[in-house]
Amino acid sequence: MRTLLALFLSSVLSFGSATMESDYEVDRYIADSLDIPYSFLHSARFLGVYKRYEKLKNRSFIDVERIETYFIPELEKILEAQGVPEIFLFMAMAESNFVSHAKSSKAAVGIWQFMPKTARKYGLRIDRYVDERKDPIKSTNAAVKYLKFLYQMFGKWYLAALAYNAGEGTVIRAIKRAGTDDPSVLLDPKKKYLPKESRLYLYKILSFAKLSYDFDSKMSQELGYILARSDDYQVIPVHVAGGERLASIAELIRLKLSHLKSLNPHLRRGITPPDVKRYTIYLPRFKYLAFKKAYREKKKRRVARGSSYLVHEVKKGESLYAIAKRYDVSIGAIKRANRLSGSLLRAGQKLKIPIRRKKIYYVVRPGDTIIKIARRFRIDPKKLKKWNDKKDNLIKVGEKLVVIY
């Protein structure tokens with residue numbers, strides 16, 4: 001995208017006249033990016049579709065106020081880093097208009113409109129806690145993996161795009177029936193080698209690409225604005241603990257909870273999955289330093305509250321470093337527990353060593369109940385239910401329960 005914006009910038013600097021040469025460069029760039037013959041972009045059939053979109057050049061295709069647009073610069077970087085043509089950003093636009101909550105009649109969800117089966121195949125988690133099809137970054141990485149797989153299968157990017165929409169089998173059968181993979185033949189409306197939706201799909205991606213690189217169009221202006229916005233609109237990933245509530249993070253960094261939730265649409269319950277040690281959430285970049293400082297302090301407080309102690313008698317020559325390493329705790333935690341201002345120890349000195357409570361994932365067995373499991377680990381049944389977000393005592397065999405004891 002930046003490549004073509006640079007092309008148009010050069011046109012603007014040359015008194016705003018888009019020359020035939022620059023038009024040729026743009027069309028050649030688009031065609032080469034998707035492995036399409038240059039002549040296809042000048043066929044009567046494609047130009048007929050494109051002119052319908054061109055009439056809408058003053059219409060807004062992207063709502064720049066939507067929170068998802070904050071992610072667009074990062075999505076572009078992912079495509080570039082993985083060797084996928086940046087033109088595929090317009091595939092996401094054709095799929096969902098960059099709306100994370102977009103849902104099709106066939107249950108495809110997210111910016112890249114993943115079906116559940118394909119989403120899970122490419123590493124996206126979907127359960128009662130999360131739907132990572134709505135995670136702009138993770139879903140883009142998954143889409144990149146899928147597109148690269150399709151490219152390896154078909155050898156051309158426009159075929160990968162068609163297969164993403166119609167399915168590999170549909171495209172394979174279409175090529176076999178047509179006797180060629182030439183897009184002019186495959187997309188023939190009379191022969192109908194591909195479904196109408198898929199035929200229009202490629203035209204739409206190409207039309208969006210051409211229109212967005214027309215510096216007179218609203219789409220080009222909107223994309224330029226999105227890419228040039230200040231740091232206030234940039235998003236950064238951070239790691240937090242499993243079972244962490246967005247409400248507590250929002251309070252910690254003094255950010256509106258509604259804003260934080262809108263940056264993390266993949267979290268269904270406003271809480272990170274409790275069955276993992278850490279999980280990625282997204283924050284505004286301008287809140288990163290506040291988060292880094294405040295969350296570190298929160299973790300220290302959490303360790304102190306959730307710890308028990310054992311007593312260690314210092315031996316001659318022992319250092320705080322050696323003791324901390326032995327018990328797998330930080331030097332700072334030992335110093336805080338014993339109110340030590342320095343690091344000097346004496347033989348025979350007794351130190352309290354904070355030991356974190358143990359966290360495991362217990363697999364429910366036949367005959368288990370919440371009460372039995374709680375009794376087994378000597379914990380409060382109410383806490384067991386709270387850790388696992390349960391409102392009743394119903395559990396099923398094979399279910400994983402978080403247990404802290």
Side-chain angles (χ1 to χ4, degrees), residues 129 237-255 270-281 283 287-364 368-390 400-405:
Y129 292 107
V238 297
H239 295 301
V240 298
E244 191 73 78
R245 296 189 177 277
L246 288 182
S248 65
I249 298 295
E251 183 180 1
L252 199 65
I253 61 176
R254 297 182 181 179
L255 183 69
I271 183 173
T272 59
D275 60 340
V276 296
K277 286 186 177 180
R278 65 178 191 170
Y279 195 79
T280 301
I281 65 169
L283 303 177
K287 284 291 184 180
Y288 176 66
L289 291 178
F291 166 81
K292 192 174 180 181
K293 180 180 179 181
Y295 197 67
R296 187 188 299 121
E297 291 301 316
K298 181 179 179 179
K299 285 199 291 187
K300 286 179 182 177
R301 293 194 298 271
R302 182 182 291 158
V303 168
R305 285 197 303 270
S307 297
S308 55
Y309 295 89
L310 59 81
V311 177
H312 174 85
E313 186 172 334
V314 178
K315 298 179 178 62
K316 187 176 180 180
E318 270 192 330
S319 65
L320 270 179
Y321 172 79
I323 296 169
K325 187 175 180 181
R326 175 179 175 180
Y327 293 105
D328 194 27
V329 296
S330 70
I331 292 173
I334 296 176
K335 290 175 76 172
R336 285 192 297 274
N338 295 275
R339 297 182 180 180
L340 298 176
S341 57
S343 298
L344 293 177
L345 302 176
R346 67 178 187 276
Q349 182 179 355
K350 292 184 179 180
L351 295 177
K352 289 193 295 184
I353 309 297
I355 303 296
R356 292 190 185 190
R357 297 168 67 187
K358 191 174 181 181
K359 177 179 176 181
I360 65 166
Y361 299 100
Y362 177 81
V363 179
V364 177
D368 275 342
T369 65
I370 286 287
I371 301 298
K372 284 183 180 179
I373 296 170
R375 189 179 298 140
R376 184 176 301 154
F377 290 96
R378 297 181 182 178
I379 55 177
D380 185 342
K382 291 180 181 178
K383 289 185 178 179
L384 180 59
K385 287 162 65 176
K386 184 178 179 181
W387 296 330
N388 292 278
D389 198 25
K390 288 187 174 294
K400 285 186 178 180
L401 297 179
V402 175
V403 177
I404 302 173
Y405 68 103

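- Proximity of a side-chain donor or acceptor of Lys287 to a complementary backbone N or O of Leu255 within less than 3.5 Å is not detected.
- A side chain to side chain contact (heavy atoms under 4.5 Å, CB included) with Gln349 is found for one member of Leu340, Asn338, Leu344 and no other, namely Leu340.
- The CG atom of Leu351 sits 7.0 Å away from the CD1 atom of Ile334 when rounded to the nearest 0.5 Å.
- Between Val240 and Glu244, the shortest heavy-atom contact is CG2-CB, 4.1 Å.
- Within the model, atoms CZ of Arg278 and NE2 of His239 stand 4.0 Å from one another, a figure rounded to the nearest 0.5 Å.
- Lys390 meets the side chain to side chain donor-acceptor pair (under 3.5 Å) test with Glu399; sequence neighbours excluded.
- For Phe291 against Ile253, the heavy-atom pair with the smallest separation is CA-CG2, 3.5 Å.
- For the atom pair CD1 (Ile323) and NZ (Lys315), the distance works out to 8.5 Å, reported to the nearest 0.5 Å.
- Taking all atoms of both residues into account, the shortest heavy-atom contact from Ser330 to Ala333 is OG-N, 3.0 Å.
- Between Glu318 and Glu313, the closest heavy-atom pair is OE1-O, 4.0 Å.
- The side-chain contact (heavy atoms from CB on, under 4.5 Å) search around Tyr288 returns Ile236, Val238, Lys292, not counting sequence neighbours.
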Quiz item: Given Tyr129 and Thr272, is the side-chain contact (heavy atoms from CB on, under 4.5 Å) satisfied, shown in steps?
Solution: CA-CA 7 Å; Tyr129 292 107; Thr272 59; over 6 Å; no

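- Side-chain contact check for Leu246 versus Ile271: every heavy-atom pair is 4.5 Å or farther apart.
- Between Val402 and Tyr362 the shortest side-chain heavy-atom distance does not fall below 4.5 Å.
- Inter-residue side-chain proximity for Arg375 and Pro381 is flagged as unmet; no heavy-atom pair is nearer than 4.5 Å.
- Using a 4.5 Å heavy-atom threshold, the side chains of Leu320 and Lys335 count as touching.
- Distance check: Asn388 CG to Tyr361 OH gives 9.5 Å after rounding to the nearest 0.5 Å.
- Note that NZ of Lys385 is 9.5 Å distant from CG of Asp380, once rounded to the nearest 0.5 Å.
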